[in-house]
Amino acid sequence: MQCPGAQYLASAERTPQQREWRPQLYRKCTDTTWLFLFFLFWTGLMFITGYSVAAGATARLLFGYDSFGNVCGQKNSPVEGAPLSGQDMTLKKHVFFMNSCHLEVKDVRLSSTILCVASCPGEQLDTLEEVQLFADNNGSFLCVYSLNSVNYTQNPNADSLCPRLPVPPSKSFPLFNRCVPQTPECYSLFASVLINDVDILHQILSGIMSGRDTILGLCIFALALSLAMMVTFRFITTLLVHIFIALIIVGLLFVCGVLWWLYYDYTHDLSIELDTERENMKCLLGFALVSTVITVVLLGLIFVHRKRIKLTVELFQVINKAISNSPFLLFQPLWTFAILISFWVFWVAVLLSLGTAGAARVIEGGQVEYQPLVGIRYMWWYHLIGLIWTSEFILACQLMTVAGALVTCYFNRNKNDPPDHPILWSLSILFRYHQGTAIKGSFLITVTRIPRTILMYICSILEGKQRGPWSRCVCRRCFCCSWCLDKCLRQFNQNAYTTTAINGTDFCTSAQGALQLLSKKSSHLTSVQCFGDFIIFLGKVLVVCFTVFGGLMAFNYNRALQVWVIPLLLVAFFAYFVAQSFLSVFETVLDALFLCFAVDLETNDGSSEKPYFMDQEFLSFVKRINRVNAVRAQGAEHTSRNEEGAELQPVM
């Protein structure tokens, strides 16, 4: 991409050798090397996409397949050397295990022959005559395809070609459309072998597919909560803040109590025999402990900052005044959300194709198995990095667009005549000059998230090997440190993006300038800004907390064949991204507003020659904060003098 020439927005003077704060004066392409690297990275993603489409078979995962390479529910192409392959299974949509009560895993393969059938047997079949009658009445043939139903009772090899008797009653479950036996003894063995011994990727995908309806409902619920939070912050009042904080307190206590109650219910459930149920119990304990810690910390912070509510309301009124100059900023998260959803759908589709990429190989008895292709697992990790980096880049573009629109409106001398289409102007500046800066900042977030993901994977492996208290403590501390680093980097990136929108400099230069400038800012203004960020953070907590709680209640009704960890983490990830996308508008405006204020103070003194860019409402708010803090400082000084005088008075 050819970079446009340097653009002068308000002045024709040349850029000085020493960088100064020159709002909206100079613009050039920044971090172009990172733009080229991102293009190369996406070239690799496109290669993986093409490879997965050519080598993958998503239908095998979604609909299931038999032992002869036929996908259930569709027409199939023959596999060379497998005479029973290539059959039309359009009417046979269910996967049936001929030996479901005696499943074993040998060399990473199930010992039972698998067939595609029209329907699962709803009643127990004790003899071959009953199996034949079931086939004649329902058109569902439970013996190998080469054996005609009329020969079920006459063929001397029927014992090896038909299911082992008795055939237990079964019911189709949306886990690859498998016929799951309903008798307790068969059900326990079937589920333990089928779920606990499958490949980890297939276990993840099966958890997603089995709970897809619930996951979709929870995602819509998270979207509705995020919209409600955005409306609340847009029309905020003192009463709404009190109601909001009360709702947070009640919600945290309620969710924490329900999590501990569910864990208690699991520990006293005598039917827990499967590894899935034990995993669910561990998941509940983890969520309960985390929610308890979060509840205690947040309640303490709310209690400490309870006297700042009035100033917070005034702060949000100033933010809403800034947003009113460009009201379409509130719709900015909608296109970000749409782009994220489109990308995630694409990413999941490629993941499903990668999970089924394998070469057909004919084994004994004319059966077919699929061997994973070389390098597939490396492609999974590359694909995961693509998910994190691209998602963060999309969010970074939103941050830079909002910051650029606010900067355009703030550094406008005539407040009665705001600039036309500031969002479109900000988007044009972003895509013409500063895509590389957004890519570089999102890469820093990705670099911190990849070790965090690897750490979670290692800890999950160690957990399965009964790790000791020392390893658990190390994992938790490392996870906590990586989380804190991620939060600090996000704030660091936000300041760098805003500075780039103001000065047109590259990422590192902008980050350095922002740090130097913010270090001079009044601590009183910083505390008010931090409490405003804290209120916005509480809104995100509310969305994620209640979405996860809804997921727990929904998944609790299907304990046996479903591990909660994967679907619940997916829902929590989605809820966080949605809340971050919608509420980050207020967070970005707040942080950018104070950074613009700091630049305004740095470059102007309020005189007629150098008047401030800020409007009167914001200036009055800053003066009010200074007066409040001056009164508090005088009160503290007066108290200190009284105490000192009391100590110096002689004792009569």
Side-chain angles (χ1 to χ4, degrees), residues 59-60 63-79 81-106 109-194 362-369 561:
R60 289 207 313 266
F63 307 117
Y65 60 98
D66 62 14
S67 298
F68 308 101
N70 299 298
V71 178
C72 301
Q74 68 178 36
K75 294 182 180 180
N76 297 275
S77 301
V79 178
L84 296 180
S85 64
Q87 300 195 31
D88 185 0
M89 297 295 179
T90 306
L91 301 178
K92 300 178 180 180
K93 300 181 179 181
H94 303 279
V95 182
F96 176 74
F97 294 81
M98 292 178 56
N99 196 13
S100 58
C101 289
H102 303 277
L103 284 181
E104 294 181 0
V105 178
K106 296 180 180 179
R109 291 179 55 247
L110 291 175
S111 58
S112 174
T113 301
I114 306 172
L115 302 174
C116 294
V117 297
S119 61
C120 304
E123 297 180 357
Q124 181 167 302
L125 307 177
D126 296 309
T127 63
L128 288 176
E129 287 78 7
E130 293 182 0
V131 174
Q132 184 178 9
L133 182 63
F134 176 77
D136 295 336
N137 293 338
N138 298 277
S140 186
F141 305 98
L142 305 183
C143 296
V144 175
Y145 309 133
S146 58
L147 183 62
N148 194 288
S149 61
V150 298
N151 297 324
Y152 281 5
T153 58
Q154 300 175 5
N155 194 303
N157 297 323
D159 291 341
S160 60
L161 299 177
C162 291
R164 184 170 180 175
L165 300 175
V167 179
S170 58
K171 182 179 179 182
S172 179
F173 186 79
L175 187 66
F176 302 156
N177 296 322
R178 290 183 171 120
C179 294
V180 179
Q182 298 299 298
T183 56
E185 59 276 6
C186 291
Y187 171 79
S188 176
L189 179 63
F190 177 87
S192 62
V193 172
L194 186 63
V362 180
I363 57 177
E364 57 181 355
Q367 296 188 4
V368 177
E369 70 173 6
L561 282 180

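Remember, it's a predicted structure, so these values are computed and weren't measured experimentally.
In this structure a side-chain-to-backbone donor-acceptor pair under 3.5 Å is missing from Asn151 to Leu147. The main-chain N or O of Ile114 is never found under 3.5 Å from a side-chain atom of Asp66 such that the two would form a donor-acceptor pair. Although no hydrogens or angles enter the test, the distance criterion places a donor-acceptor pair under 3.5 Å between the side chain of Glu130 and the main chain of Asp126.
From Cys72, atom SG reaches atom CG of Leu91 across 12.0 Å, with rounding to the nearest 0.5 Å. To the nearest 0.5 Å, atoms CG (Leu133) and OG (Ser149) are separated by 11.0 Å. The distance from atom OG of Ser85 to atom OH of Tyr145, rounded to the nearest 0.5 Å, is 11.0 Å. Ser160 contributes atom OG, which lies 8.0 Å from atom CE of Met98 (distance to the nearest 0.5 angstrom). Here the straight-line distance linking atom CD of Gln132 with atom CZ of Phe141 works out to 10.5 Å at 0.5 Å rounding. Going from atom OG1 of Thr113 over to atom CG of Leu161 covers 9.0 Å, rounded to the nearest 0.5 Å.
In this structure Leu165 satisfies the side-chain contact (heavy atoms from CB on, under 4.5 Å) test together with Leu128, Val131, Val167, sequence neighbours excluded. Partners of Asp88 by side-chain contact (heavy atoms from CB on, under 4.5 Å), not counting sequence neighbours, listed by chain and number: Lys75, Thr90. Residues satisfying the side chain to side chain donor-acceptor pair (under 3.5 Å) criterion with Glu123, sequence neighbours excluded, are absent altogether.
Across all their heavy atoms, Cys101 and Pro168 have their closest contact at SG-CG, 3.5 Å. Annotation for Tyr152 and Cys162: closest pair CD1-SG, 4.3 Å, computed over non-hydrogen atoms. His94 and Cys179 make their closest contact through CB-SG, 4.0 Å (heavy atoms, listed as atom of the first residue, atom of the second, distance). Residues Val368 and Gly69 come closest through the heavy atom pair CB-N, 3.9 Å.
A side-chain contact (heavy atoms from CB on, under 4.5 Å) with Phe96 is found for one member of Pro163, Cys120, Ser172 and no other, namely Pro163.
Contact annotation: the side chain of Leu115 never approaches that of Lys92 to less than 4.5 Å [non-hydrogen atoms, C-beta and beyond]. The shortest distance between side-chain heavy atoms of Val95 and Arg178 falls below 4.5 Å.
Inspection of the Tyr65 and Asn76 side chains reveals no N or O donor paired with an N or O acceptor under 3.5 Å.
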Practice item. Start with the C-alpha gap between Phe68 and Val144, add the side-chain angles, then the distance that decides, and say whether side-chain contact (heavy atoms from CB on, under 4.5 Å) holds. Key: CA-CA 10 Å; Phe68 308 101; Val144 175; 4.1 Å; yes
